[in-house]
**Q** 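I have a structure I would like to understand better, so I am pasting it below and will then ask my questions one at a time.
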Protein chains: 2
Amino acid sequence: MGIIERKEREKEERHNSIIDAAEKVFFSKGVINSTMDEVAEAAELSKGTIYLYFRSKDDLFHGIIHRAMLKLEGVFKKVSLEEGSGAERLTRIGEAYFKFSDEYPDYFDAMLHQEEKCLFENGVDKKGYFFKCNEVGNSVFSILANIIGDGIKDGSLRPDIDPMKHAITLWGHTTGIMQIIKSKSHVLERIAGITGEELINYSFDLIRRCSRNVEK
Amino acid sequence: MGIIERKEREKEERHNSIIDAAEKVFFSKGVINSTMDEVAEAAELSKGTIYLYFRSKDDLFHGIIHRAMLKLEGVFKKVSLEEGSGAERLTRIGEAYFKFSDEYPDYFDAMLHQEEKCLFENGVDKKGYFFKCNEVGNSVFSILANIIGDGIKDGSLRPDIDPMKHAITLWGHTTGIMQIIKSKSHVLERIAGITGEELINYSFDLIRRCSRNVEK
DNA sequence: TTAAAAAATGACTTTGAGTCAGTTAAATAT
DNA sequence: ATATTTAACTGACTCAAAGTCATTTTTTAA
């Protein structure tokens, strides 16, 4: 009997439809300004039911972050399988990341939030979607590290690079500059006359410069 | 009559003593898990009085962030006046930033929070301490940009660098990697066997590599 | 057709940010 | 010195929203 399987599937679908609803609400008014009642209404369910599927508002938000990370992971996987040297693919990954931040700004914002998690909240729930997000995060690091490893082998990247350290560091650098652009680009544009796009390009150029192999 | 001046001074002192109390409470239990009543009790004042001095819990927290930024600004100013080439001082600024994150982890965490502000909260109050924080932030950027400018002049940094862009980018990169270390170092250490210190050194090395002038 | 299990509900509890009418203390005027 | 005005402070109160749970509805198994 496929009843159990069907139930499993329906449960999954319910999870997804609740996350759909949460995206609509959270992205339109901001997480802080949204209530679980509003999510429930958007999902055409009662609040109690939402709490049957998600342990907290934060868990629900991490459901969104998890989606975002899966999407990004997919993009990265795709690029990692393309043609080209390690260095080339690394650059393309960076561009894809920026494109992602441009095409899915809400997902990108949500992911930035994840980066900063667990600093201020004692006792963030280690189960649920928070944990799942970490798993995807590690997978993303691995994809990057593999490309970097390829680049070292094919000679397009410096041979003395540590792939995993490099992956983590580049991720940190890139996310850091994007975060500044997100939160301060209007100020920077006004005060220093520098646009977000210029900064990203500048940053990517620096990263390329410190990664490439300068053959003698 | 110095009454007005004295009152002004007392107001300032009250602000500070409330921030003192807030630091104790917020840093011990986390901002989210702390209540304004607890801050009031620690400050030996009523809650109503706290709200005479700060417009919201968030504003109070930004009072702490503001302190943190002033402290860091002081460190940076000091280093910027030291002996040495631009490149040398830039490295020392990075080291000082890392030292700061190590010596004042709570202040550092608070500042990271500031970086991420205004992404999720529609209608963050542009007045109050939030605004003051931005001012100090701009000042920090200027200090960096000046050192970089010096480095270009003295030939220790590449001549084709744009000081302000470089300052913002380095700040982003450094903050980004530190953020990862903060939030994920235990995971990374377990999974990949990489310590926070190693990552920071790796990151600084990359930054030096892409900034220095390679004279022919 | 009935009993048992699963899913869903929404009124209720609880917590904590922010307010405000009233009180106390300090400065100024008489 | 005393009265009056102004400033500083108080804490009981309001209100919004997260999270709960006894009850109801729906689905599955007997």
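Throughout, protein chains are lettered first and strands after them, A, B, ... in sequence-line order, and every chain is numbered starting at 1. Everything quoted here is computed from the prediction, not taken from an experiment.
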**Q** How many whole angstroms separate atom CD1 of A:I4 from atom P of D:dA29?
**A**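 One finds 8 Å between P of D:dA29 and CD1 of A:I4, rounded.
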
**Q** Which is true for A:L52 with a 4.0 Å heavy-atom rule: it touches a base, it touches only sugar-phosphate, or it touches nothing?
**A**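 Base: the residue A:L52, judged by heavy atoms under 4.0 Å, touches a nucleobase.
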
**Q** Please state how far atom CZ in B:F61 lies from atom C1' in C:dG18, giving the value in whole angstrom units.
**A** 19 Å

**Q** Provide, to the nearest angstrom, the distance between the CG atom belonging to B:D37 and the P atom belonging to D:dA12.
**A**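 After rounding, the reported distance stands at 11 Å.
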
**Q** In this structure, how many angstroms lie between the C1' atom of D:dA18 and the CG atom of A:N33, rounded?
**A** 15 Å

**Q** Could you tell me whether the side chains of A:T91 and A:E88 share a donor-acceptor contact shorter than 3.5 Å?
**A** no

**Q** Could one point to a donor on the side chain of A:K47 or the base of D:dG19 with an acceptor on the other under 3.5 Å away?
**A** yes

**Q** Among the candidates D:dA17, C:dG10, D:dT27, find the nucleotide nearest to the side-chain atoms of A:K7.
**A**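 Closest of the options to the side chain of A:K7: D:dT27.
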
**Q** OP1 or OP2 of D:dT27 less than 4.0 angstrom from a side-chain nitrogen or oxygen of A:R6, does that happen here?
**A**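 No, outside the criterion.
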
**Q** A:K57 NZ to D:dG19 P: how many Å, rounded?
**A** 8 Å

**Q** Is there a side-chain polar atom (N or O) of A:R14 under 4.0 Å from OP1 or OP2 of C:dA8?
**A**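 Result: yes.
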
**Q** Heavy atoms only, 4.0 Å cut-off, all strands: where does B:Y53 land among base, sugar-phosphate and nothing?
**A**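 Result for B:Y53 = sugar-phosphate.
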
**Q** Can you confirm whether or not the ring centre of A:F108 sits under 6.0 Å from the ring centre of A:Y104?
**A** no

**Q** May I ask you to check whether A:H62 and A:F131 place their ring centres under 6.0 Å from each other?
**A**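 A:F131 vs A:H62: aromatic centres not under 6.0 Å.
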
**Q** In this structure, how many angstroms lie between the P atom of D:dG11 and the CD atom of B:E44, rounded?
**A**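 The distance from CD of B:E44 to P of D:dG11 comes to 13 Å, rounded to the nearest Å.
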
**Q** Would you say the ring centroid of B:H166 lies under 6.0 angstrom from that of A:Y202?
**A**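 For B:H166 and A:Y202, the ring centres are under 6.0 Å apart.
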
**Q** Looking only at heavy atoms, which two atoms of A:F204 and A:G94 are closest? And how far apart?
**A** CZ-O, 3.2 Å

**Q** Identify, between A:E10 and A:G48, the residue whose nearest nucleotide on DNA chain D lies closer to the 5' end.
**A** A:G48

**Q** Measure from CD1 on B:I50 to P on C:dG16 and round the result to the nearest Å.
**A** 16 Å

**Q** With a 4.0 Å limit, can you tell me whether A:R55 has a side-chain N or O closer than that to the phosphate oxygens OP1/OP2 of D:dG19?
**A**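 Checking D:dG19 against A:R55, no side-chain N or O comes under 4.0 Å of OP1 or OP2.
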
**Q** Whole angstrom is fine here: how far is it from CG in B:L60 over to P in C:dG18?
**A**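 Distance, rounded to whole Å: 10 Å.
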
**Q** Out of D:dT10, D:dA8, D:dT20, which has the shortest distance to the side chain of A:Y51?
**A** D:dT20

**Q** So which one's nearest nucleotide on DNA chain D is more toward 5', A:T49 or A:M36?
**A**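 In this pair, the answer is A:M36.
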
